[in-house]
Protein chains: 2
Amino acid sequence: MGQQSGVAKASDEGTETTGQAAGPLYLQVARTLRDEIVNGIYPIGTQLPTEEELRARFSVSRFTVREALRRLREDGLVASRQGAGTVVVPGPSETEVFHATSINDLLAWANDTRFEIESIKMIPVDNKLAARIGIPAGEEWLMVRGMRLRDDNDVPMCWIEYYINRNFASVGRLLPRNKGPIFPLIEDLFGVTISEVEHVVSATLVSPALAAKLDVEKKSAALEILRSYRMTDGGIAQVTLNIHPASRYKHSMTMRRVKA
Amino acid sequence: MGQQSGVAKASDEGTETTGQAAGPLYLQVARTLRDEIVNGIYPIGTQLPTEEELRARFSVSRFTVREALRRLREDGLVASRQGAGTVVVPGPSETEVFHATSINDLLAWANDTRFEIESIKMIPVDNKLAARIGIPAGEEWLMVRGMRLRDDNDVPMCWIEYYINRNFASVGRLLPRNKGPIFPLIEDLFGVTISEVEHVVSATLVSPALAAKLDVEKKSAALEILRSYRMTDGGIAQVTLNIHPASRYKHSMTMRRVKA
DNA sequence: GTTCATTTGTACGTATGTATA
DNA sequence: GTATACATACGTACAAATGAA
């Protein structure tokens, strides 16, 4: 990696990163800092150590520190100001937990629904899928597709595609008996923590095939929700794609302003 | 700027950048390349010169070239692949992604746009409207309707309907000269604070009338976003209804879990 | 209000790793 | 396998903004 002291650095990182997987040095540094921010070592609003201090701590160059900080900035975890330093910025809301109150999936995880699996298999991620759901091409992921239905009547509520990182693919066997979201299963089984979920919401027209399955008119509008479940190390554990007929779903969320 | 040959570089850039304003060197380089890309000097799909070639052409360091290219990548103009080079990619994808991690981000998204008012008047809220946007029937609210357009080109981005509580209706006179969101105006003028914003997102088909205005196909999909701006006292100051063509907009947000 | 140390931003040079063609 | 081109990483220096003395 580096030019003269790569080995020393690698071993330093081995301890510093609490056993994180390897990769570019700057990502190892970023992961370490990310963990520490998420775990409250650097609480929101506090100053991160200066670049010089981080450089000394990790025994890397300032270039590496800056690349790591750039990553954290892109992720919205910190903000840097010339002359002032780098501070940990408040997340989306300090008061709410993402799956409980801040997002109201009206109907989505209602208790009286069931998930009917249509197919479940490992697939290679090609470039097209990678672009569509934002995971690296070339890897193998577990794809689970199916329909969520109301328990009482058999009205289909939405089409769902789960993509699960192969490291956690063994949750697949639990799915037939599982009713709620999948990510708590992954957390329990593998001891990882989902630290953030990105939602991308867009409108689309339902494809003819899907229209039949969902029992809606052809070319009707639907809401497409892509959720990426990110772990504390920044890796993506799971991606979920939901397609909701417009007539049966609205997505509601509340953002609360954080005190400046 | 640089360390030993800053002046020479600045003058080089003076000619190279076809008279662009100054600023950091890497931005000057980025601007120049950006101009050349949009003007077809480097058509879509073609290779950009290598970093070494750009370094030589602009007489800057590879660091500067890479910072410039990074900027172009962030803008979605080019894509770089190790070993392969940097290619011009098909346009900054037409669909804008709105990425909000907090209410404060609502301030930023409308910066490069302008709002073209089509109508502005006080209306009584009937039952139908009350149900649609969630405000009490019977009251009088200020309704402002119009289109939001990109500053640079005249592509309509979305159709907007503002409904403003009559207590704050006098902001109406400021709207023609206002560029960004309205709620900061209300906060400034009346000394109230918007403490939370509820979003309700749903899919819809654009009406024929709207399709023409937005310059999209009839019966195409659109994202409807209803925002209610709630004050600290719980009252609703403003409701905004946006209709975004599906092809031009995605709504993204990240929920970060807070440590329990 | 000015000076001054601190801290990030910009910019240079160089070397090596690694994916691509 | 080899050459190419971007990715990563080191070192250094100065600029510019910040905040405190």
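Because only heavy atoms are used, hydrogens play no part in the values below, and waters and symmetry mates are left out as well, while side chains stay in. Note that the structure is predicted; figures quoted are calculated from it, not measured. Letters A, B, ... are given to chains in the order of the sequence lines, protein chains preceding strands, and every chain is numbered from 1.
Distance, B:L25 CG to C:dG13 P: 11 Å, rounded to whole Å. At whole-Å resolution of the value, CD in B:E67 and P in C:dC12 are 11 Å apart. At whole-Å resolution of the value, CZ in B:R73 and C1' in D:dA5 are 12 Å apart. At whole-Å resolution of the value, CZ in B:R66 and C1' in C:dT10 are 16 Å apart. At whole-Å resolution of the value, OH in A:Y26 and P in C:dG17 are 17 Å apart. B:F63 has its CZ atom 7 Å from the P atom of C:dA11, to the nearest Å.
Between B:R62 and B:E52, none of the side-chain N atoms (NZ, or NE/NH1/NH2) sits under 4.0 Å from a carboxylate O, so this pair counts as no salt bridge. Between A:E161 and A:R132 there is a salt bridge, since a side-chain N of the basic residue sits under 4.0 Å from a carboxylate O of the acidic one.
Listed nucleotides: C:dT8, C:dA11, D:dA9. Nearest to the side chain of A:T64: D:dA9.
Considering CZ of A:F63 and CZ of A:R70, their distance stands at 8.0 Å, rounded to 0.5 Å.
Side-chain contact check for A:L77 versus A:R34: some heavy-atom pair is nearer than 4.5 Å.
Of all nucleotides present, none satisfies the Watson-Crick or G-U wobble test against D:dG1 with each distance under 3.5 Å.
Taking only side-chain nitrogens and oxygens, B:R62 never comes nearer than 4.0 Å to OP1 or OP2 of C:dC12. Contact check, B:S80 against D:dA5: no side-chain N or O comes under 4.0 Å of OP1 or OP2.
B:Q28 places a side-chain N or O within 3.5 Å of a backbone atom of B:G23 that can act as its donor or acceptor partner.
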So which protein N/O to nucleotides 19-21 of chain C N/O distances come out below 3.5 Å?
from   : atom 1 : to    : atom 2 : distance (Å)
C:dT20 : O4'    : B:Q82 : O      : 3.4
C:dT20 : O3'    : B:R81 : NH2    : 3.2
C:dA21 : OP1    : B:R81 : NH2    : 3.1

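Residues B:Y162 and B:F115 bring their aromatic ring centres within 6.0 Å.
For DNA chain D, none of the residues of residues 45-54 of chain A falls under the heavy-atom distance limit of 4.0 Å.
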Hey, can you pull the donor-acceptor pairs under 3.5 Å for the side chains in residues 39-48 of chain B, sequence neighbours left out?
from  : atom 1 : to    : atom 2 : distance (Å)
B:N39 : ND2    : B:D35 : O      : 3.0
B:T46 : OG1    : B:P43 : O      : 2.6
B:Q47 : NE2    : B:A84 : O      : 3.4

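Looking only at atom types and distance, the side chain of A:R73 has a donor-acceptor partner in the side chain of A:S80 under 3.5 Å away.
In this structure, B:Y249 and B:H244 have parallel ring planes: the angle between them is below the 30° cut-off, well short of the 60° mark.
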